[in-house]
Amino acid sequence: MTFRKKYDVIVIGAGPAGSVAARFAAEHGASVLILERDREPGIPVRCAEGVSHDGIAPFIDIDEKWIATTIKKAKLVAPNGEELLMENNPTGYVLERRLFDTALCNLAAEFGAELLTKADAFDLFKEAGEIKGVKFTYRGKEEIVLCDVVIAADGVESRVGRWAGIKTDLPLEDMETSVMYQMTDIDVDPDCCEFYFGNEIAPQGYLWVFPKSRTSANIGLGIAGSSALKKKPQFYLDQFVQKHYPAGKINYIVYAGIPTSDTLNQIVADHIMLVGDAARQVNPITGGGIVQGMIAGSIAGKVAADAVKERNFKTKFLKRYRKEWNKRLGKTQKTMYAMKEKYLGIKDKRFNNLVKAMNKIPKDKLSIKTLFTEVVKNDPKLVIEVARSFVVSKFK
Amino acid sequence: MKIESSLCDICGTCAGVCPVDAIRIFEFKVEIDNEKCIDCKNCLIICPAEAIKEEK
Ligand SMILES: Cc1cc2nc3c(=O)[nH]c(=O)nc-3n(C[C@H](O)[C@H](O)[C@H](O)COP(=O)(O)OP(=O)(O)OC[C@H]3O[C@@H](n4cnc5c(N)ncnc54)[C@H](O)[C@@H]3O)c2cc1C
C-alpha cells in the first residue's frame with residue numbers, strides 16, 4: 001500500500017458515515033484518502049444491524065450478499081408481557097455489517113477514493129493553528145499526510161473533533177451503555193424484529209431481538225449511562241436471555257456505546273467536518289445511526305468537494321453542510337431529542353396501557369403510522385411511547 | 001482511574017463521555033491520562049464491559 005503526500009480530503013474512519021463521505025467527495029472530483037485503524041472496514045461489528053430499505057437504497061444497490069434477513073414485521077412487548085404485532089411496515093433488513101461496510105467502502109474506491117487500513121490517526125497536523133493534514137501511525141511508523149479538508153468519521157469516541165478544539169463529549173444521560181450477544185441455537189421469526197420495554201428489562205432504553213436467520217439473532221440492549229450507576233447492561237441482558245433463550249448459545253459478545261443526544265452544536269470548523277456517530281447524528285430515541293451517518297456523509301462529502309473547487313475551507317463555507325443536515329434530518333433529531341428528554345423514564349404502567357390500546361386497532365390498520373394518528377389523537381402525552389414504539393423509524 | 005486491559009473491548013464509549021479528553025485510544029489500547037483526569041467517574045459508570053476501576 002502506498003499513499004501520496006497530499007490529498008484534497010482525508011476521511012478518518014471507514015464506517016458507513018466515512019465511506020459515504022469519501023465516495024461523495026471523490027464522485028464530485030476531490031482526491032480522497034480514507035484512514036481506518038482496523039484491519040478491514042466493518043470489523044468488529046458493534047451494531048444490531050437493522051436498517052430500512054428506503055434508508056439505504058439511495059446509497060447502494062441492494063445486494064443479498066450483505067443481507068441476513070428481510071424484515072416485514074415488528075413486535076413490541078410491553079413491560080407486562082403483552083405483545084403488539086405490526087405487520088404493515090416498510091421493508092427493513094438485518095444486515096451483515098461486516099460485508100455491508102466493506103461494500104460501501106469499495107464503492108468509495110470505485111469513485112477513486114483510496115483506503116489505508118491499519119492506519120491509526122493520533123492527531124491533526126497544524127501550521128500556525130491551521131489544520132493542514134493528519135498524523136497517523138502506519139506499519140509502526142509515524143506519518144503525516146497533508147490535506148485541505150478533514151472529515152472526522154471516527155465513531156462514538158469522537159476524538160478527532162477534539163483535536164480541532166470542538167467539544168464532542170456527552171453527559172451520561174445522553175450516552176447509552178450497551179451490550180449485545182450474537183446468539184445461535186435459538187428459535188426466532190426470521191422476518192420480525194422484536195422490541196422489549198420496561199424498567200426491569202432496560203431502564204431508559206429498550207432491548208432488541210433482531211433475527212439473522214431462523215436460528216440466530218442479535219440480542220442486545222442499551223440503557224442510559226445515568227441508569228448504569230448500580231446495575232450494568234449485561235445484568236439485564238443475562239436476565240432476559242436466561243428467561244427467553246436458556247438453551248441458546250452465545251457466539252460472541254459486543255460492548256458498545258450509543259449516543260442519544262441532539263446533533264453536536266458544532267460539527268464544522270475551518271478545514272474540518274464531523275459526520276456520523278462522531279457528530280452524534282443518531283436518532284436519540286431508537287439509537288439508529290447507520291442511515292443517519294450515510295446521509296450526513298453524503299452531504300459533507302459533497303460540500304468538501306465543493307470547497308476544494310472553490311478553494312475555500314473556512315467554517316463559513318463548510319457550514320453549508322450543517323445547513324443541509326438541519327434540513328434533512330437535524331430538525332427531526334432535535335424533536336426526537338426533546339421528546340426523549342421530556343418523557344425520559346416513562347412508567348411501565350403507561351406503556352402497558354399503550355400496547356393495550358393499540359391492540360384494539362384492527363390488524364390491517366396497525367402500522368407505525370397508525371401508532372401516531374390513532375393514539376396521539378387521544379392522548380398527546382403518549383407521544384413518547386409512540387415515539388419509542390417508533391423504534392422502527394430505525395427502519396425510517 | 002485504571003483500565004483492566006484484559007476486560008476492555010476497546011469500544012471507545014469511555015472516551016465519548018470524558019469531559020477533559022483524558023482518554024486515549026491508540027494502537028488498540030485504551031489509556032487514561034491521570035494527569036488530565038478530574039475524577040468525574042463518567043468512564044467508570046458508562047463502561048459496558050466493566051473494565052474501568054478506581055485506582056487506589
Ligand atoms: C449495540 C449497538 C446496536 C446498534 N444497532 C443499530 C441498528 O440496528 N441500526 C442502526 O441504524 N444503527 C445501530 N446502531 C448505531 C450504528 O452502529 C452507528 O450509528 C454507526 O455505526 C455509526 O457509523 P459511523 O460511520 O459514524 O461510525 P462507526 O461505524 O463506528 O465507524 C467509525 C470507524 O472509525 C474508525 N476509527 C476511529 N478512530 C480512528 C482513528 N483515530 N484512526 C483511524 N480510524 C479510526 C473505527 O475503527 C471505525 O471503523 C447501533 C449501535 C450499537 C452500539
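To find a chain, count down the sequence lines: A is the first, B the second, and so on, and within it residues start at 1.
When side chains are defined from C-beta on, A:R46 counts as touching B:D9, because their heavy atoms get closer than 4.5 Å. Residues A:D169 and B:C18 fail the side-chain proximity criterion, which asks for heavy atoms closer than 4.5 Å.
At most 12 heavy atoms of other shown residues, nucleotides or ligands fall within 6.0 angstrom of atom CZ in A:R98. Heavy-atom contacts from other residues, nucleotides or ligands closer than 6.0 Å to NZ of A:K126 number more than 12. Around NZ of A:K249, the count of heavy atoms belonging to other residues, nucleotides or ligands within 6.0 Å does not exceed 12. The environment of B:K2 atom NZ is sparse: at most 12 non-hydrogen atoms of other residues, nucleotides or ligands sit within 6.0 angstrom.
Contact annotation for A:T168: only backbone heavy atoms (N, CA, C, O) come within less than 4.5 Å of a heavy atom of chain B. Using a 4.5 Å cut-off between heavy atoms, A:V156 contacts chain B through both its backbone and its side chain. Proximity to chain B involves both the backbone and the side chain of A:R37, based on heavy atoms less than 4.5 angstrom apart. A:D38 touches chain B through backbone and side chain together, each having a heavy atom under 4.5 Å away.
Looking at A:K232, its side chain does come within 3.5 Å of a backbone N or O of B:I45 through a donor-acceptor pair.
The OH atom of A:Y255 sits 11.0 Å away from atom SG of B:C8, with the distance rounded to the nearest 0.5 Å. Distance CG/B:N42 to CG/A:L172: 4.0 Å, rounded to 0.5 Å. Remark: A:R159 CZ to B:D21 CG distance equals 5.0 Å, nearest 0.5 Å.
Nearest approach of B:G16 to A:R280, heavy atoms of both residues: O-NH2, 3.5 Å.
Counting heavy-atom pairs under 4.5 Å between each of A:G222, A:A256, A:G225, A:P44 and chain B puts A:A256 at the top. In terms of non-hydrogen atom pairs under 4.5 Å with chain B, the most contact-rich of A:I253, A:L229, A:T137 is A:T137. Counting heavy-atom pairs under 4.5 Å between each of B:A49, B:C40, B:P48 and chain A puts B:P48 at the top.
Here A:R97 pairs with A:D101 under the side chain to side chain donor-acceptor pair (under 3.5 Å) rule; sequence neighbours left out. The side chain to side chain donor-acceptor pair (under 3.5 Å) check on A:Y196 picks up A:E194, with sequence neighbours excluded.
For residues 116-125 of chain A, heavy-atom neighbours of chain B at less than 4.5 Å comprise A:D120, A:F122, sorted by residue number.
Identified under the ring pair (Phe, Tyr, Trp, His ring centres under 6.0 Å) test for residues 153-178 of chain A, with sequence neighbours left out: none.
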